[in-house]
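The structure appears below as structure tokens.
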Amino acid sequence: MLQQILAVCGAISIVGGAGAVIFKILHPAFQFKNRVEKLEDHSEKDYKRLVNLEEMQKQQNKCLAAMLNHQITGNGIDNMKKIRDELLESIIDK
């Protein structure tokens, strides 16, 4: 009877140890997968922001070029109004 109890305890110990080893192997893999998904999400958001910043920089460069042209020639009011409208539209959309 005592031997059977010890055998059952030994079996439980072996199964528990095997389960702990399997958990220690698989758990970090699942954590790694979750971390990669979060990083991919952040990367996608960062890319979208960079695209928006690039577009804003283009609009600002157009505006500066139009202002410089106006300072040089005194003309280009219509072009400046058009660029102003585009700039305001891009600011409002962001």
Side-chain angles (χ1 to χ4, degrees):
M1 180 71 167
L2 183 60
Q3 288 180 344
Q4 290 175 343
I5 292 173
L6 290 176
V8 169
C9 289
I12 291 172
S13 176
I14 290 171
V15 170
V21 169
I22 291 171
F23 178 77
K24 287 181 181 180
I25 291 172
L26 294 180
H27 186 67
F30 287 120
Q31 284 182 332
F32 185 71
K33 179 182 176 251
N34 291 337
R35 290 179 66 193
V36 168
E37 288 174 356
K38 283 183 182 178
L39 289 173
E40 286 175 346
D41 186 44
H42 288 297
S43 177
E44 184 178 332
K45 288 179 182 177
D46 289 344
Y47 177 75
K48 288 178 181 178
R49 286 183 181 209
L50 285 174
V51 168
N52 288 337
L53 286 173
E54 186 177 314
E55 185 61 35
M56 181 61 75
Q57 183 68 34
K58 286 179 186 178
Q59 292 291 333
Q60 288 173 345
N61 288 341
K62 277 185 187 179
C63 183
L64 289 173
M67 288 178 10
L68 180 61
N69 186 40
H70 177 70
Q71 284 290 331
I72 293 170
T73 63
N75 300 349
I77 301 274
D78 293 330
N79 188 31
M80 288 179 67
K81 287 179 182 178
K82 178 183 151 207
I83 292 173
R84 177 199 61 202
D85 294 341
E86 289 175 2
L87 185 61
L88 288 173
E89 185 177 317
S90 70
I91 290 171
I92 292 169
D93 288 343
K94 307 294 183 220

Could you walk me through whether C63 and Q59 pass the side chain to side chain contact (heavy atoms under 4.5 Å, CB included) check? CA-CA 6 Å; C63 183; Q59 292 291 333; over 6 Å; no
Got a sec, which residues hit side chain to side chain contact (heavy atoms under 4.5 Å, CB included) with R49, two or more places apart in sequence or on another chain? none
Which of R84, E89, K82 passes side chain to side chain contact (heavy atoms under 4.5 Å, CB included) with E86? Answer is K82
Stepwise side chain to side chain contact (heavy atoms under 4.5 Å, CB included) test for K58 and E55: CA-CA 5 Å; K58 286 179 186 178; E55 185 61 35; 4.2 Å; yes
Quick one: side chains of residues 14-33, donor-acceptor pairs under 3.5 Å with protein atoms, not counting sequence neighbours, listed by atom name and distance.
from, atom 1, to, atom 2, distance (Å)
H27, NE2, Q31, NE2, 3.1
K33, NZ, E37, OE2, 3.4

Could you tell me the separation between the [atom1] atom of [X] and the [atom2] atom of [Y], rounded to the nearest 0.5 Å?
X	Y	atom1	atom2	result
K48	D46	NZ	CG	11.5 Å
L50	Q57	CG	CD	12.5 Å
I83	L88	CD1	CG	12.0 Å
R35	K38	CZ	NZ	9.0 Å

Would you name the heavy atoms of L87 and Q60 that are closest together and state the gap between them? CD1-N, 4.5 Å
Does the pair D85/K81 count as a salt bridge with the N-to-O cut at 4.0 Å? no
